[in-house]
**Student:** 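Okay, here's the structure, questions in a sec.
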Amino acid sequence: MASTRPSVAPLPYWVRGDTNAFFGFGVNVLVNVLTLTGLCLAVVNLPEGEVFGTILPALGIALVAGNIYYTYLARRLARRENRSDVTALPYGPSVPHMFIVIFVIMLPIYLRTQDPVRAWEAGLAWAFIIGVIVLIGAFVGPYIRRYAPRAALLGTLAGISITFISMNPAGQMWRLAWVALPVFALLLIGLLTDVKLPFNFPIGLAALLLGTAIGWAGGAMSVPDVTAAARDIAIAVPSFKIDLLLAGLADMAPLLATAIPLGVYNFTEGMTNVESAATAGDNFNLRSVLLADGAGAVVGAALGSPFPPAVYVGHPGWKAAGGRSGYSMATGVVIAVLCFLGMFGLLGAIFPTAAIVPILLYIGLLIGAQAFQATPRAHAAAVVAALIPNIAAWATGQIDNALAAAGTTAAAVGDEALNGAGVVYDGLLVLGQGAILAGLVLGAVVVFIIDKRFVRAAIFAGSGALLSFVGLIHGERIEWNANGQVALGYLFVAAICVVFALGRPAPREPDPGEDDGSEVHEAWTSTEPTSSPR
């Protein structure tokens, strides 16, 4: 008897749209790897041999494995649904994480010890913890996300984007504004409007080439630097760095304050991106995606990379550009080959930094804007509340770095002298500890107060008290009674919210068409007191 199963059309590995998506996504990942290379060399002063011989090859392994895996998931989905228009999820080094691991984890240790290897060990341990949390998140993440309002989640991410992602690139841009601003303008026109370049030329590549041409024509680049970098090209084979990882894990407690909330954010972002892909028509298995994300961070850390990779935002954009399964695999392979050959030193000498960093400022703007665009207008104040701890963390880092450059510390200067100069360092330091998780808690409290759902606000305030007491937020280290005065403050907030809940106020009525993008209203039980029907 003849089979009634529908025939499966041949599935090409490359289509014309993959070329567009490859140049757009490939330049994005290339810029990120160039940036993290510069951060390792210039900020933490890691030896070039370790950066080009260990860190980048380790990252290359994670990237090529991850992108091939996501290509496999896309082709598997295409065969299952007998479609040829499935687009693979984009995958690369996480932008928020690469700034945080450098400036929040590695730089303070380097400034304190003047030992870049100690800083590297801490970065590896931090990335490993992130990976483990994401692996756990593959099983528990959906439950956590159900109870956290989107304004709190996106608000704390926006805080990272405005500070750690946007501010440093912006400063670098205005050092060579005549190179950077034309690049930035081209990116804004190509990525924020529907205007296309002739022949549909990839906008990211065009912007990079424009900035490079301006930089070389204006004398910002040096031929001897390119020659010297070319001499350093060598094949690097990654190997396990378990000794460095274990050394970092031996003192892991201070890392948990950022690793735990960032791990939670990682799998939350992964879920959001999978949902975004499903909206565009490609319904990937969430657990498969998150398990791959976590495994990439763990394997990368074991090989020597402190930069955990992640599924990127932007799947619908690459799908609209015509990308299918090939662009992802090509990006992973090409970037990995460049890592293995030590080409990023040469690329850094060819491409001006000012031509590279505008894409990071654009990403920061996009993430910051998303926090307001994808949440109810009534929750705008909650988004701002979630920003504040991250701004405090960035500000204290800038103060610490400036004082270190002057050969002193905040402790040596003293709180009284700093306060007398209008620098509220002690308060900013407390506010910014565990900033991501602190922003999530603070933003959620404000959301539920705005919505007059005071029991939920009290629960999050009580969670803030517990987290402060053990030092996961607002504490310099994980310990019992890490910051009792802040914990007491959160308890008072919880008590005030309980008092108002006893009055059974009617919850805020959503605006017409309002959707906060989460299931939080359905997730909570219906036992919270509300007013009686009138």
Side-chain angles (χ1 to χ4, degrees), residues 43 96-112 122 126 152-168 253-265 364 367-368 371 382-404 409-411 413-415 418-419 421-446 460-461 463-479 482-490 493:
V43 177
H97 291 65
M98 72 186 192
F99 283 95
I100 289 171
V101 72
I102 289 290
F103 289 103
V104 179
I105 303 299
M106 297 172 70
L107 180 59
I109 293 175
Y110 171 71
L111 292 176
R112 187 175 70 246
W126 180 85
L153 290 168
L154 295 184
T156 193
L157 175 59
I160 298 172
S161 75
I162 291 172
T163 54
F164 295 103
I165 296 178
S166 298
M167 292 304 295
N168 286 320
L255 308 175
L256 296 177
T258 56
I260 289 176
L262 269 172
V264 172
Y265 159 70
I367 295 173
V383 173
V384 176
L387 295 173
I388 291 175
N390 290 284
I391 295 174
W394 180 81
T396 53
Q398 292 292 299
I399 295 168
D400 287 338
N401 295 346
L403 292 174
T409 63
V413 174
D415 291 337
L418 290 170
N419 287 328
V423 181
V424 193
Y425 178 84
D426 50 349
L428 290 174
L429 182 64
V430 173
L431 174 59
Q433 298 289 347
I436 297 164
L437 190 53
L440 177 61
V441 170
L442 188 58
V445 170
V446 176
F460 269 93
S463 301
L466 177 61
L467 294 170
S468 300
F469 195 74
V470 300
L472 278 172
I473 60 175
H474 309 308
E476 294 190 48
R477 61 186 63 87
I478 306 294
E479 61 183 4
N483 202 323
Q485 64 94 8
V486 177
L488 184 61
Y490 276 115
V493 172

**Student:** Does a side-chain heavy-atom distance below 4.5 Å link N401 with L111?
**Tutor:** yes
**Student:** Looking at side-chain heavy atoms only, is the closest gap between T156 and L387 below 4.5 Å?
**Tutor:** no
**Student:** Of all the heavy-atom pairs spanning G434 and I473, show the shortest one and how long it is.
**Tutor:** O-CG2, 3.6 Å
**Student:** Please find the pair of heavy atoms, one from L442 and one from A385, that lie closest to each other, and give the distance.
**Tutor:** CD2-O, 3.4 Å
**Student:** Apply side chain to side chain contact (heavy atoms under 4.5 Å, CB included) to the pair V384 and V446, showing each step before the final yes or no.
**Tutor:** CA-CA 10 Å; V384 176; V446 176; over 6 Å; no
**Student:** Can you name the nearest heavy-atom pair linking A152 to A444, along with the distance?
**Tutor:** CB-N, 3.5 Å
**Student:** Looking at every heavy atom in both G443 and A386, which two are closest together, and how far apart are they?
**Tutor:** CA-CB, 4.2 Å
**Student:** To the nearest 0.5 Å, what is the distance between CD1 on I102 and CG on N168?
**Tutor:** 11.5 Å
**Student:** Could you pull out the closest heavy-atom pair between V441 and L467, with the gap in Å?
**Tutor:** CG2-CD1, 3.9 Å
**Student:** Report yes or no: does T396 contribute a side-chain atom to a donor-acceptor pair with the main-chain N or O of A393 at less than 3.5 Å?
**Tutor:** yes
**Student:** Can you name the side-chain hydrogen bond (donor to acceptor under 3.5 Å, both in side chains) partners of D400, sequence neighbours left out?
**Tutor:** Y425
**Student:** Quick one: list whatever passes side-chain contact (heavy atoms from CB on, under 4.5 Å) with V486, sequence neighbours left out.
**Tutor:** V430, S468, H474, N483, Y490
**Student:** Sequence neighbours left out, what passes ring-ring contact (aromatic ring centres under 6.0 Å, His included) with Y110? Give chain and number order.
**Tutor:** none
**Student:** Looking at CH2 of W394 and CG of L428, how far apart are the two atoms once the value is rounded to the nearest 0.5 Å?
**Tutor:** 11.5 Å
**Student:** What distance do I391 atom CD1 and M167 atom CE have between them, rounded to the nearest 0.5 Å?
**Tutor:** 9.5 Å
**Student:** If you compare all heavy atoms of V445 against all heavy atoms of A461, which two are closest, and at what distance to 0.1 Å?
**Tutor:** CG2-N, 3.7 Å
**Student:** Run the side chain to side chain contact (heavy atoms under 4.5 Å, CB included) check on L431 and I388 step by step: do they pass?
**Tutor:** CA-CA 8 Å; L431 174 59; I388 291 175; 3.6 Å; yes
